[in-house]
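So the structure is just underneath, and the comments pick up after that.
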Amino acid sequence: MKVFNTLSGQKEDFLPHGDEVRMYVCGVTPYSDAHLGHAMSYIYFDAIQRYLQFHGYRVKYVQNITDIDDKIIDRAARLGVPARELAEQYINGYFDDMDALNIRRADIYPRATEEIPEMLKIIQSLVTKGYAYPAQGSIYFRVKNVPDYGKLSHRNLDSMTARVRIEPGDEKENPMDFVLWKATKPNEPSWDSPWGPGRPGWHIECSAMSVKYLGETIDIHGGGQDLIFPHHENEIAQSESFTGKKPFVKYWLHNGLLQLDEEKMSKSLGNLVTIKETLKKYRADTIRIFILHSHYRTPLTYDEGTLEASGVALRAFSDAKWKLSEPYAEINRSISEAQGTKTDGTTPANKYRNRFISAMDNDFNTPQAIAVLFDLAQDINRAVNLNHADKVIEHRNIFIELAGVLGLVLPEPERESLTLDIKELTEIKGLTIAQIKRENLEYLLEKTTTNHNVENTEGHINYLKELRDALRKDKKFKLADEIRTRLYGVGIVLEDTPKGTVPKRKQ
RNA sequence: GGCGACGUAGCCAAGUGGUUAAGGCGGCGGUCUGCAAAACCGCUAUUCACCGGUUCGAAUCCGGUCGUCGCCUCCA
């Protein structure tokens with residue numbers, strides 16, 4: 001298995017320290033709703049975590065929550081609520097989003113405000129060792145004491161310093177020094193420290209949490225490419241100076257950033273689409289296919305056309321997975337009972353699993369992994385067409401397994417609910433086809449097309465379907481087709497199969 | 001200015017030295033169907049931004065040009 005390591009700039013063999021992979025991914029600062037860029041990053045790392053487990057590793061996954069920082073304080077002050085309360089609200093929203101996207105929870109979500117003692121311990125040690133110095137109640141990290149500072153972002157102090165503007169009144173020794181502990185300002189949350197009241201700088205929490213929960217050297221540290229500098233660079237400097245052990249992280253994995261139009265999607269630029277908004281228009285699986293169909297290190301552009309295409313792809317996956325359900329169930333059940341259905345890992349279908357593994361072993365190539373799913377889906381459909389039940393079941397099992405590794409749910413379409421009975425229909429239901437008057441049909445179509453409340457339209461749809469079946473039997477195709485067309489107009493597709501008509505929602 | 005990445009069909013997107021350049025969306029033709037839809041079958045890049053070079057051989061390596069993006073300030 002190979003992974004691309006930002007530190008070396010190359011693909012390297014993945015050799016974790018033990019049979020448990022220790023993985024840390026930078027989490028969010030909860031002061032507003034998470035956007036699709038966050039979803040992208042966490043979906044990638046979710047797929048990585050799932051794949052590592054599929055591969056046979058145990059994984060210990062830690063993700064921090066920066067629940068105290070300038071933006072939280074500003075926003076809370078503007079809204080007149082305590083910072084803690086604001087953070088709590090958006091942390092809950094964040095977890096709702098992650099759950100809705102079927103992103104597995106990390107094992108531990110440490111919060112900055114609950115890890116202050118750990119951070120102070122590290123800061124104290126850094127001061128003692130000369131890697132940090134106090135200035136006006138704050139503590140700064142002394143970057144020039146770290147000879148290999150810049151190794152992750154592949155730059156050196158001189159080139160960085162040349163570009164930095166020196167701000168007047170800056171108490172730093174060197175403009176590249178960064179704050180470990182911020183002296184408190186009036187009306188801000190603060191914690192006691194040996195240097196007076198204050199709050200932690202941003203970078204220190206990750207060092208503290210990583211060391212505390214995963215140890216002094218971990219296997220994977222992930223995040224967006226925008227975190228490489230300064231955040232991760234500074235984490236390395238702090239952590240390695242504190243522990244005296246290198247490397248702090250064996251493999252640095254960074255995902256490319258989501259673009260909106262010509263720019264990076266970001267909170268500070270304000271050009272974003274939140275996860276909640278996106279989930280109103282697209283299913284979680286659709287979003288996942290949209291994201292995973294591009295490699296994690298490549299930037300991806302938010303595009304509704306591409307999302308729509310992902311939705312179409314999802315429909316194909318879903319249909320392939322549920323071929324054994326109505327109306328195919330009966331056919332396939334009889335065949336499978338007659339022929340038996342064992343799958344033992346040496347079947348021809350296993351070549352798909354091997355292709356999937358080769359793809360994912362090569363720096364988590366999810367686009368290729370998804371291509372394998374398409375090929376599998378095609379094989380399932382071919383087997384269904386030929387009534388080869390053994391083959392259907394064998395391929396379907398692998399399909400479901402591999403789709404699951406990518407975190408795709410592919411839930412069964414809800415068809416039972418189409419049998420709801422609606423009061424207004426009962427009086428019409430007694431009529432025979434010969435008695436159906438144009439007005440009755442118009443009435444039903446009107447009911448269906450104007451009422452977009454799903455609960456109340458199911459019964460209408462189902463009745464229209466029955467009506468249409470009867471019309472088709474009577475060869476009244478013009479009217480039957482009109483029903484189909486009108487339903488299509490409100491997002492209902494009627495598919496006629498040899499075993500009957502299946503109503504489906506357009507994706 | 002420094003560092004990093006990218007430019008592959010109408011669109012999205014793999015491939016990074018060697019048989020016919022994955023896969024998806026869209027489009028076209030066919031099978032099936034009363035007609036559709038879905039599914040299946042076939043077609044849809046002699047060519048990988050452009051110009052040079054290395055090589056028996058390059059989309060893949062090297063140099064240059066043009067264009068795009070990210071980081072260098074908080075940011076997944």
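All chains are named by letter (A, B, ...) in the order of the sequence lines, taking the proteins before the strands, and each is independently numbered beginning at 1. These values consider heavy atoms only, across backbone and side chains, with no hydrogens, waters or symmetry-generated copies.
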Identify the pairs formed between an N or O of the protein and an N or O of nucleotides 24-31 of chain B at a distance under 3.5 Å, and give each distance.
none

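- Under 3.5 Å, the side chain of Asp303(A) and the base of rC11(B) form no donor-acceptor pair of N or O atoms.
- For the contact set between residues 37-46 of chain A and RNA chain B, defined by any heavy atom under 4.0 Å, the members are Gly37(A), His38(A), Ser41(A), Tyr42(A).
- Straight-line distance from the CD1 atom of Ile483(A) to the C1' atom of rA37(B): 16 Å, rounded to whole Å.
- The nearest whole Å value for the distance from the CZ atom in Arg199(A) to the C1' atom in rC74(B) is 12 Å.
- With P as the reference atom, rA21(B) and rA9(B) are 15 Å apart, rounded to whole Å.
- rC62(B) and rU16(B) are spaced 14 Å apart, taking the C1' atom of each and rounding to whole Å.
- Distances from the side chain of Lys267(A) to the nucleotides rG70(B), rA76(B), rA38(B) place rA76(B) closest.
- One atom, CG of Asn387(A), and another, P of rC40(B), lie 15 Å apart when rounded to the nearest Å.
- Computed from coordinates, the Glu304(A) CD to rC11(B) C1' distance equals 15 Å when rounded to whole Å.
- Within 4.0 Å (heavy atoms only), His254(A) reaches no atom of the nucleic acid at all.
- Here, rC48(B) and rA13(B) have their C1' atoms 13 Å apart, quoted to the whole Å.
- Nucleotides rG26(B) and rG70(B) have their P atoms positioned 31 Å apart, rounded to a whole Å.
- If you check every strand for non-hydrogen atoms under 4.0 Å, Asp481(A) touches a base.
- At a threshold of 4.0 angstrom between heavy atoms, the contacts of Asn385(A) are confined to the sugar-phosphate backbone, with no base atom among them.
- Both Ala371(A) and Lys478(A) lie near RNA chain B, and the one whose nearest nucleotide falls closer to the 5' end is Ala371(A).
- Taking the C1' atom of each, rA22(B) and rU47(B) are spaced 16 Å apart, rounded to whole Å.
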Taking only nitrogen or oxygen atoms into account, show me every contact under 3.5 Å that the protein makes with nucleotides 3-5 of chain B, one pair per line with its distance.
unit_1 : atom_1 : unit_2    : atom_2 : d
rC3(B) : O2'    : Ser153(A) : O      : 3.2
rC3(B) : O2'    : His154(A) : O      : 3.0

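- rG24(B) and rG34(B) are spaced 29 Å apart, taking the P atom of each and rounding to whole Å.
- Using a cutoff of 4.0 Å between basic side-chain nitrogens and carboxylate oxygens, Lys182(A) and Glu188(A) are not scored as salt-bridged.
- Across all strands, Gln225(A) comes closer than 4.0 Å to no nucleic acid atom at all (heavy-atom distances).
- Across all strands, Gly150(A) comes closer than 4.0 Å to no nucleic acid atom at all (heavy-atom distances).
- The nucleotide whose nearest atom lies closest to any side-chain atom of Ser294(A) is, among rA14(B), rA76(B), rC72(B), rA14(B).
- Between Phe4(A) and Phe364(A), the distance separating the two ring centers is not shorter than 6.0 angstrom.
- Proximity of Lys264(A) to the phosphate of rC71(B): a side-chain N or O atom is located under 4.0 Å from OP1 or OP2.
- For Lys185(A), the NZ atom sits in a loose shell: 12 or fewer heavy atoms of surrounding residues, nucleotides or ligands are nearer than 6.0 Å.
- Residue contacts shown for Leu494(A) include a base, since a base heavy atom lies under 4.0 Å away.
- We find that NE2 of His221(A) is positioned 11 Å from C1' of rA76(B), with the value rounded to whole Å.
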Check against side chain to side chain contact (heavy atoms under 4.5 Å, CB included), Tyr61(A) and Arg105(A): CA-CA 9 Å; Tyr61(A) 180 7; Arg105(A) 296 286 182 103; over 6 Å; no
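- Residue contacts for Leu269(A): at a heavy-atom cut-off of 4.0 Å it reaches no nucleic acid atom on any strand shown.
- At a threshold of 4.0 angstrom between heavy atoms, the contacts of Arg468(A) include nucleobase atoms, whether or not backbone atoms are also involved.
- rC32(B) atom P lies 15 Å from atom CG of Leu386(A), rounded to whole Å.
- Base pairing analysis places rG67(B) opposite rC6(B); the two distances defining the Watson-Crick or G-U wobble pair are each below 3.5 Å.
- Checking rC56(B) for Watson-Crick or G-U wobble geometry (two distances, each under 3.5 Å) identifies rG18(B) as its partner.
- Distances shorter than 4.0 Å separate none of the side-chain N or O atoms of Asn255(A) from OP1 or OP2 on rA76(B).
- One atom, CD of Glu205(A), and another, P of rA76(B), lie 11 Å apart when rounded to the nearest Å.
- For the C1' atom pair drawn from rA59(B) and rU46(B), the interatomic distance equals 13 Å after rounding to whole Å.
- For Glu173(A), the salt bridge (Lys or Arg N to Asp or Glu O under 4.0 Å) partners two or more places apart in sequence, or in a different chain, are Arg142(A).
- Using a 4.0 Å cut-off on heavy atoms, the residues of residues 354-370 of chain A that approach RNA chain B are Asn365(A), Pro367(A), Gln368(A), listed by number.
- With rA76(B), rC41(B), rG23(B) as the candidates, the nucleotide lying closest to the side chain of Arg382(A) is rC41(B).
- By the side chain to side chain donor-acceptor pair (under 3.5 Å) test, Asp303(A) pairs with Thr306(A), sequence neighbours left out.
- Counting non-hydrogen atoms under 4.0 angstrom, Ser266(A) reaches a base of the nucleic acid.
- Of the listed nucleotides (rA14(B), rG34(B), rC74(B)), rG34(B) has the atom at the smallest distance from the side chain of Arg472(A).
- Comparing rC51(B) with rA14(B), their P atoms are spaced 25 Å from each other, to the whole Å.
- Between rA14(B) and Thr298(A), a contact under 4.0 Å exists linking OP1 or OP2 to a side-chain N or O.
- Taking a 6.0 Å sphere around CZ of Arg84(A), one finds it holds 12 or fewer heavy atoms contributed by other residues, nucleotides or ligands.
- Whole-Å rounding puts the Leu260(A) CG to rG70(B) C1' distance at 15 Å.
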